[in-house]
Every structure is written in C-alpha cells, then in structure tokens.
Amino acid sequence: MAPTDENTQVDQQSSPFGTAPPGPPGTDTAGPGARMPRWLPRAMVLALALVAVFQLGSWAFHQLTGLLINILISFFLALAIEPAVSWMASRGMRRGLATFLVFLGSLIVIAGFFTLLGSMLAGQIIKMIEGFPDYLDSVINWINTHFHTDLRRVDIQEGLLHSDWLRKYVQNSATGVLDVSGQVLGGLFQLLTVALFSFYFAADGPRLRRALCSVLPPARQAEVLRAWEIAVDKTGGYLYSRGLMALISGVAHYILLEALGVPYAPVLGVWVGLVSQFIPTIGTYLAGALPMLIAFTIDPWYALWVLVFVVVYQQFENYVLQPKLTSRTVDIHPAVAFGSVIAGTALLGAVGALIAIPAVATLQAFLGAYVKRYDVTDDPRVHGHRTRSSGGLLARVRRQLGR
C-alpha cells in the first residue's frame, strides 16, 4: 500500500494543473474534470418549465380574448340590471324569474325598435329606387342644358349594364356573401354568449358573491362587497342618466323633424336618442346622419336645418344638460370621462368605450374612501388670482432703474 501512495503523490505533484483540496458536497471545483453543481440541472429544468408555462399561458390568453371580453360585457350588463332584479326579488319573486322578465322586456323593446327602423329604411330605399329614374332625368337635362351635350338615359343605362365595373362588382359581391354570412352567424353566437353569461351573473348574483367571499378573510370580504355595491350604483346611475338624456334628445329631435315634415319622425327621434347617448363622443353626429339623409331627399335646406340643430343641441347637452344629470349619478369630471373613453377604445374598441365611464367612476368612488383629504387654505392663488410680491421680477427691474 505504501508504494502505491507514494506513486499517487508523485503523480499528483507531477501534474501541471495540480489538485484542489476537496470542498463540501455540491460545490464546484476548479480545473479540468470538475463536476457540475448539483443545483444547476434543477435550475435549468425549472427555467425551461417557467418559459413553457409562460408561452402556454400567453397562447391561451390570446385564444380566449374574445371569451374574456364577452364575460366582461356580461358582467357590466348584469350590474346594470341588478337594481331592477333586486327590486323584484325583494318583493318575493325568485331571482331567476325576475332576471328572465327583465331580459324579456328589454328584448321586446329592442326588437320593436329595430323592426320599426328596418321598415323605415326599407320604405325610404324603395322610395329612392322608384324616384331614381326621375332624378336621373333631371340630372341629364341639367347637364345637356349647361354643357350642350346630347345624353340620354337609355344610353347611360346600357353603358352601366355592360360595363366591366358592374360585372366585377357583382362577382365580388357574390364571393363576399359567404364572408358576410359567417360574420352574421358569429355575431349572433357572440350575442347569445353575452346574454347567457349576463343571465347567470344576474340570477346567481348572491351565490357568486358568497363564493367569492368564501376564499377571503372577513376584512377583505367587506371591501369586495363594498366595491360590488359601488359598481352596481355607478353602472345603474350611468345607464339611468344616459337613458334620461336619450329621452330628452329623442323628444327634441322628434319635434324638429315633425315640424319639418320629415317622415318617420318618431322612429328617427328614438334612433338619435339611443345612438347619441350610448356611442360616446361622436354618437350625436353619427346619429344625426340618418335624419339628415332622409331630410335631404325631401329638401336640401331641411338637411341643413337638421345639421344646425344637431350641432347646437350637442353644445347644450355638453355644457348644460349632462353636468346636471351626471353630477349625482356618475360624478366624474368631463375631461376624465373623455380620457377614459379614449383609453377604453384603445384597449377594447367599442366595448371599452361603453364600459369605460362606469368602470372609472367605480374605481374613483372606491379609492375615494382611502384617500385622505384636507381643508384647503383660504389663499387667493387657489381661486386663480395671482398675488403681487415685492420680490417679483418687475419690482426688481423698477428698483434697478430707480437707482
């Protein structure tokens, strides 16, 4: 055994790299042939697993974005009808039946409105098609009179029927029928999904709140229930104020259209009231386009009167009507409301524009309880009045000149 130990010592001394003293288990050793730390493979596996989970979660989130948006819309719709459902339930009616009655009433109103609007549009389109030959004759006569041409309606119609533009348009329209049908079916399925989730959120509201609070400590439960109550109040108040402004706007535009003799004035008034209030920022001008178009078919000056009235009423609503109606229900500054609508549109499109104001109002009311406020000092600068101090720049210049 002794010679072997001596040879080993000689070999170790003769090695150009030498040997390091043994360290504690699991530590790295210097030099070639050093063993890999025991924690490194586990760390690599854990890192790869985390990356895989992140990629899977990102893929699943992008795939479920549409469903999450539908659930968000459903939640706010359930908050909007919660006061009516709770009122019926407090009088002995089951929440499921109360929710069904609210949905049925809303469906009847919406279906009736779109039926009247569709019949109005169909009647106006038929009227425009029937009067198109006479309108075309008047245009041709005006051109022949002022430009000394010899155009005929028959030649124009034959040229349109045999034109390549019309043929390509018909082919593109035929190929696009399937795409339009698919979009319509997708929209109906999305509408059904939103309706089902809204029904379950409203009908099982107490059970949902109980299930959510069961996983939270008592202090957190009180905060969640308070936030839920604020959300219901703000969403309901927002819809109440918007509905009242839609009623006022619809009546005002109906009076104008009826005075001008524009057909379908009641339906157009309802159209302007709803679209102007539930499509933020540009809703009034978008809603006024349809009455202007129909008024233009009667008299171009009527369309101008409608345009002037829409612009004037929008200013009256922004500066007089809306602040008074929304000060107690939503209580949000107009600049904050406008910014929230822009941010909601950038994040979620039209859906974000609709739910931005009640969401921001809810957040503002909830955070208001945790922000400590102080009395403001009676300083003129608070009211925008500047004070003249002796150390101002102008005073210093005068003193220098006086010397």
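Hydrogens, waters and symmetry mates play no part in the numbers below; they use all other heavy atoms, side chains included. Every value quoted in this text rests on a predicted model; they were computed, and no experiment measured them.
Note: T99 OG1 to E82 CD = 8.0 Å, rounded to the nearest 0.5 Å. Rounding to the nearest 0.5 Å places CZ of F61 at 6.0 Å from CG of L68. Note that the CH2 atom of W271 and the CD1 atom of I294 stand 10.0 Å from one another [nearest 0.5 Å]. Rounding to the nearest 0.5 Å places CD of Q314 at 11.5 Å from CZ of F309. A distance of 9.5 Å separates CG in L191 from CG in L196, rounded to the nearest 0.5 Å.
When all heavy atoms are compared, the tightest approach of L256 to V306 is CD2-CA, 4.1 Å. The two atoms that bring R95 and A202 nearest to each other are NH2-O, 2.6 Å, heavy atoms only. A246 and G273 get closest at one heavy-atom pair: CB-O, 3.2 Å. The minimum heavy-atom distance between F103 and F199, with the atom names listed, is CZ-N, 3.7 Å.
Proximity of L46 to R42: side-chain heavy atoms (C-beta onward) are nowhere separated by under 4.5 Å. Proximity of E223 to L216: side-chain heavy atoms (C-beta onward) are nowhere separated by under 4.5 Å. Two residues are said to be in side-chain contact when any heavy atoms from C-beta on lie closer than 4.5 Å; S249 and Q277 meet this criterion. When side chains are defined from C-beta on, F197 does not count as touching I73, because their heavy atoms never get closer than 4.5 Å. The shortest distance between side-chain heavy atoms of M292 and V310 does not fall below 4.5 Å. Looking at L77 and I81, their side chains never come closer than 4.5 Å, going by heavy atoms from C-beta outward.
With respect to the salt-bridge test (charged N to carboxylate O, under 4.0 angstrom), the residues E229 and R226 do not qualify.
The side-chain hydrogen bond (donor to acceptor under 3.5 Å, both in side chains) check on Q190 picks up N70, with sequence neighbours excluded.
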Report task. Output, in order, the C-alpha distance, side-chain angles, deciding distance and verdict of side chain to side chain contact (heavy atoms under 4.5 Å, CB included) for I248 and F316. Result -> CA-CA 12 Å; I248 298 174; F316 167 75; 5.6 Å; no
Requested in this report: Evaluate the criterion side chain to side chain contact (heavy atoms under 4.5 Å, CB included) for residue pair L257 and V272; output intermediate values, then yes/no.
Outcome: CA-CA 11 Å; L257 297 174; V272 174; 5.6 Å; no
Query raised in the report: Would S214 and Q221 count as a side chain to side chain contact (heavy atoms under 4.5 Å, CB included) if you check the C-alpha gap in whole Å, the side-chain angles of each, and the deciding distance to 0.1 Å?
Result: CA-CA 8 Å; S214 63; Q221 292 179 15; over 6 Å; no
**Report entry** Test log, rule side chain to side chain contact (heavy atoms under 4.5 Å, CB included), inputs W301 and L304
**Finding:** CA-CA 5 Å; W301 287 104; L304 181 61; 3.6 Å; yes
